[in-house]
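To start, the structure under review is shown below, and the notes come after it.
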Amino acid sequence: MSFALIDGNNFFVSCERVFNPRLEAKPVVVLSNNDGCVVARSAEARMLGIKMCAPWFQMRNFARQHGIIALSSNYELYADMSNRLMTVLGEYSPQQEIYSIDECFLGLGGFEHFDLVAYGQRMRRQVRQWLGLPICIGIAATKTLAKLANHCAKKNLAGEEGVCDFIRMTESERSGLFSTIDSGEIWGVGKQLREGLRRRGIVSVENLRRADAKTLRREFSVVLERTVMELNGVPCLGFEETPPNKQQIISSRSFGSYVHELPELREAVASYMARAAARLRQQGSLARMVQVSIRTNPHQPEHPQYQKELSVPLSAATDDSLRLIRAALWALERIYRPGFAYQKAGVALLDITQAGTFQQDFFSNKRDDPRLMAAMDRINAIWGSGTLRSAAEGIDQRWRMKREKMSPGYTTRWSDIPRVH
DNA sequence: CTATAACTCTCAA
DNA sequence: CTAACGTTGAGAGTTATAG
């Protein structure tokens, strides 16, 4: 068995460039929600030393000096481009695992007699021509190695023109290459683990690959043991073609500006819960627990800080937005304290079960009417989400996040398509 | 005491 | 111009609690 991992090159920036060629060859960054931090940067922006997750307001001046173009994130656009990308790539194998908005694995079992590098080049050309997006491709015997091969393709450490195939390399070529790569580049090795490994003299990918898996399991975790085996070509990670239902659904967001009063918080919490409940119904599940959290801005320690969350068990599992909103607001009332500048609120649906298999409420004869939610979901599907909503979500929604530099919905909104004069 | 629930930490994109 | 630092989810491991 072998795997390919296909990954978009600075995906969000590339999506923007497809529809705005003036961004080509310039330093461009895309910002997180609320125009907070850098979440994607073009090669030119990276060269200028812009770091991932850098708070935007701190680098405003630097950006102005160097002509860096910043854009708010336009998730509608990226999600739509992602769907197109995944559809095109899915044609290249009967097995596809969509891992994130810009990444997927393809199962290449039975493709061994192919020239896989040429196959990868074909994918690249087609995606470039059909969608205008640049991608890189890593090919190897396990998912962890395919991720690493993709990294090598991106950084031009090995392979040719954005395609890197470890299977085709000799053992000594791989050893040589792996000795030059830091362990932190490996999928599953984050900041903590990298530091722990370094203390034991394990610095490079090659060091880790040669280390004793059982010992590492004892000293770290079973996860690291699997990683080591995967690096040695032993597949430990399965293929997830159909993503399992979520076990928890979270909806949280920072506000456009601080919120002080309960009524505004109530609107936000109701809105977040409506979103979460819609996703719950989409996967055909019910939730038995609702959690609400609010907090001030932890980056301003000189201001009074407050952070609190509360979980509420429901007497019966439900997917009814109105019922879930009532529970969330009940929890919010209990954790709200006046006198603080709230920066963020969130809700979570927990203890999720499949619809139809749940325990009915012993103490209540009230039943949800599924027709109401079905009608609401259909109306919002046709006319846009939020068209029909609970009054608790509010009208003005002044707390909504800021996105001051957002590009148009080029592929999803007729009204946003620029006119040609 | 064990089994499970609840919570914390880490990682990822 | 102001003031200003993301979101979502999984899984492992640890601690608390119930019986």
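The basis for the numbers below is simple: all heavy atoms, side chains too, and nothing from hydrogens, waters or symmetry mates. Note on naming: letters A, B, ... go to the chains in the order of the sequence lines (proteins, then strands), and numbering restarts at 1 for each one. Since this is a predicted model, take the numbers as computed values, not measurements.
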Start with the C-alpha gap between A:Arg389 and A:Ser321, add the side-chain angles, then the distance that decides, and say whether side chain to side chain donor-acceptor pair (under 3.5 Å) holds. CA-CA 9 Å; A:Arg389 59 179 193 264; A:Ser321 287; over 6 Å; no
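Contacts of residues 180-214 of chain A with DNA chain B (heavy atom under 4.0 Å): A:Ile186, A:Trp187, A:Gly188, A:Val189, A:Gly190, A:Lys191, A:Gln192, A:Leu193. Using a 4.0 Å cut-off on heavy atoms, none of the residues of residues 54-64 of chain A approach DNA chain B.
A:Glu185 has no carboxylate O lying under 4.0 Å from a charged side-chain N of A:Lys155, or vice versa, which leaves the two without a salt bridge.
Taking atom P on both nucleotides, B:dA13 is separated from C:dC5 by 25 Å, rounded to a whole Å. Rounded to whole Å, the C1' atom of C:dG6 lies 16 Å from the corresponding atom of B:dC11.
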Dot-bracket, 5' to 3', for DNA chain C please: Watson-Crick or G-U pairs under 3.5 Å, [ ] where pairs cross earlier ones, | where the partner sits on another strand, dots elsewhere. ......|||||||||||||
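OP1 or OP2 of C:dC5 has not a single side-chain nitrogen or oxygen of A:Ser32 nearer than 4.0 Å. Close to C:dT7, at under 4.0 Å from its OP1 or OP2, lies a side-chain N or O of A:Lys344. Between A:Asn34 and C:dA4 there is no side-chain N or O to OP1 or OP2 distance below 4.0 Å. Of the side-chain N and O atoms in A:Ser252, one or more sit less than 4.0 angstrom from OP1 or OP2 of C:dT8.
Residue pairs meeting the salt bridge (charged side-chain N to carboxylate O under 4.0 Å, His left out) criterion with at least one member in residues 49-67 of chain A, sequence neighbours excluded, do not occur.
For the side chain to side chain donor-acceptor pair (under 3.5 Å) test, residues two or more places apart in sequence or in another chain that qualify with A:Ser407 are A:Glu16, A:Asn74.
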Nucleotide by nucleotide, nucleotides 11-19 of chain C touches protein heavy atoms under 4.0 Å in the pattern (B base, S sugar-phosphate only, - none) SSS------
